[in-house]
S.K.: 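Would you mind keeping the following structure in view while I ask a few things?
In what follows, chains carry the letters A, B, and so on, assigned in the order in which the sequence lines appear, proteins first and then strands, with residues in each chain numbered from 1.
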2 protein chains.
Amino acid sequence: MSPSLDTVFQALADPTRRAILGLLLEDDMAVTDVAAEFEMSLAAISKHLGVLAGAGLIAQEKRGRVKWCKLEPDALREASVWMQGFGQFEPVNLDAFERFLVAERLDPGDSPEADALSQP
Amino acid sequence: MSPSLDTVFQALADPTRRAILGLLLEDDMAVTDVAAEFEMSLAAISKHLGVLAGAGLIAQEKRGRVKWCKLEPDALREASVWMQGFGQFEPVNLDAFERFLVAERLDPGDSPEADALSQP
DNA sequence: AGCATATTCAACCATCCGGTTGACCATTGC
DNA sequence: GCAATGGTCAACCGGATGGTTGAATATGCT
């Protein structure tokens, strides 16, 4: 089941779920530990985690009776690529990006232009 | 009513609305012209455009009896920056981005995802 | 004036969403 | 064995969402 843009954006549209992702940015967490950070029931958090997992934004692995949740940032890539298409649609920027791509291929190391492009 | 991450992601979560943004990527359009591209009522499209405007993703200007809609890509910046924070661990998927840009240029106005327009 | 065009409004409907509560598996530890 | 812990499931609730229709409001054309 491949996560679609629909499910990814829908998952990101809720502030609680974004906050959960923010927590998981620090460390993998058990469901109960995630729930402890919010003023809502464990069941509600469990649902939120289900939505995030359904969108591919997190992975859940059950070890013993504890279910561990870890960030899966790859799922954001497709959505991020889609969004950046709207910030960079001007021909000038397109050309600049193409030049960047060429440079990147020739010199696949770090490149200062990458930062400029990643945050339009 | 400043556009929040909530409203932006919520607006992007609907395939019809993403397809509308894809259309506006090429040209400003009147409400009726946007509606002509979809198999749903004009009123429904008008609502979708309202959601997109509420999220700050488009601007609507009424000239005469026609309301023109134009893309407002700046609204994506905040959301894009937020997302970028989670992708930082690994390098941006430049290949996917390049494919997107090339596809966008060869077939402008069409959303990069196939199902956006065919199954709204 | 009178009619056509562009767009919204209002009411309505089915469905989804976010939340709660209480019951229900698992797994762990005494 | 049995109680506590970790987590999900099922039913329910109020409110949002996405869609429809039909009437209403502006504006433009002749």
S.K.: Between atom CE in M40(B) and atom P in dG18(D), what is the gap in whole Å?
M.R.: 10 Å
S.K.: Would you mind reading off the distance between Q10(B) atom CD and dC16(C) atom C1', rounded to a whole angstrom?
M.R.: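 Nearest whole value for this atom pair: 11 Å.
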S.K.: Over how many whole Å does the gap from F9(A) atom CZ to dC17(C) atom P extend?
M.R.: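 To the nearest whole Å, that distance equals 17 Å.
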S.K.: Under 3.5 Å, side-chain donor or acceptor atoms of residues 45-62 of chain A against the rest of the protein: list the pairs with distances, not counting sequence neighbours.
M.R.:
| residue | atom | partner | partner atom | Å |
| --- | --- | --- | --- | --- |
| H48(A) | ND1 | R17(A) | NH1 | 3.1 |
| E61(A) | OE1 | R63(A) | NH1 | 3.3 |
| E61(A) | OE2 | R63(A) | NH1 | 3.4 |

S.K.: Got a second to check how far Q10(A)'s CD is from F9(B)'s CZ, nearest 0.5 Å?
M.R.: 12.0 Å
S.K.: Would you indicate whether the side-chain heavy atoms of W82(B) and V8(B) approach each other to under 4.5 Å?
M.R.: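 No, their side chains stay 4.5 Å or more apart.
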S.K.: At under 4.0 Å between heavy atoms, which parts of nucleotides 1-9 of chain C does protein reach? Answer with one letter per nucleotide, 5' to 3': B base, S sugar-phosphate only, - none.
M.R.: ---BBSBSB
S.K.: Atom CG of D14(A) and atom P of dT17(D): how far apart are they, to the nearest Å?
M.R.: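 Roughly 12 Å, once rounded to whole Å.
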S.K.: How would you label the contact of R63(A) with the nucleic acid (heavy atoms, under 4.0 Å): base, sugar-phosphate, or nothing?
M.R.: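 Since no nucleic acid heavy atom lies under 4.0 Å of R63(A), the category is nothing.
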S.K.: List, by chain and then residue number, the residues other than V66(A) in its hydrophobic cluster (Ile/Leu/Val/Met/Phe/Trp/Tyr, side-chain heavy atoms under 4.5 Å); write none if there are no others.
M.R.: W68(A)
S.K.: Any idea which heavy atoms bring D14(A) and T16(A) closest together, and the distance?
M.R.: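 Looking at all heavy atoms of both residues, the shortest contact is OD1-N, 2.8 Å.
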S.K.: Tabulate below the donor-acceptor pairs under 3.5 Å that side-chain atoms of residues 23-40 of chain A make, not counting sequence neighbours, or state none.
M.R.:
none

S.K.: From CD of E61(A) over to P of dG6(D), roughly how many Å is that when rounded to an integer?
M.R.: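 In whole Å, dG6(D) P and E61(A) CD are 18 Å from each other.
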S.K.: Distance check needed: dT21(D) C1' versus I45(B) CD1, whole Å only.
M.R.: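 It works out to 16 Å between those atoms.
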S.K.: Quick one: L52(B) CG to dG18(D) P, roughly how many Å, whole number?
M.R.: 10 Å
S.K.: Which side-chain N or O atoms in residues 69-76 of chain B pair as donor and acceptor under 3.5 Å with protein atoms at least two apart or in another chain?
M.R.:
| residue | atom | partner | partner atom | Å |
| --- | --- | --- | --- | --- |
| D74(B) | OD1 | R77(B) | NH2 | 3.3 |

S.K.: Ignoring backbone atoms, establish whether S41(A) has a side-chain N or O less than 4.0 Å from OP1 or OP2 of dG19(C).
M.R.: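 Answer is no, no contact under 4.0 Å.
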S.K.: Where each residue is assigned the nucleotide of DNA chain C containing its nearest heavy atom, which of A13(A) and G64(A) is assigned the position nearer the 5′ end?
M.R.: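 The residue mapped nearer the 5' terminus is A13(A).
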S.K.: NE2 of H48(A) versus C1' of dT20(C): gap in Å, rounded?
M.R.: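 In whole Å, dT20(C) C1' lies 12 Å from H48(A) NE2.
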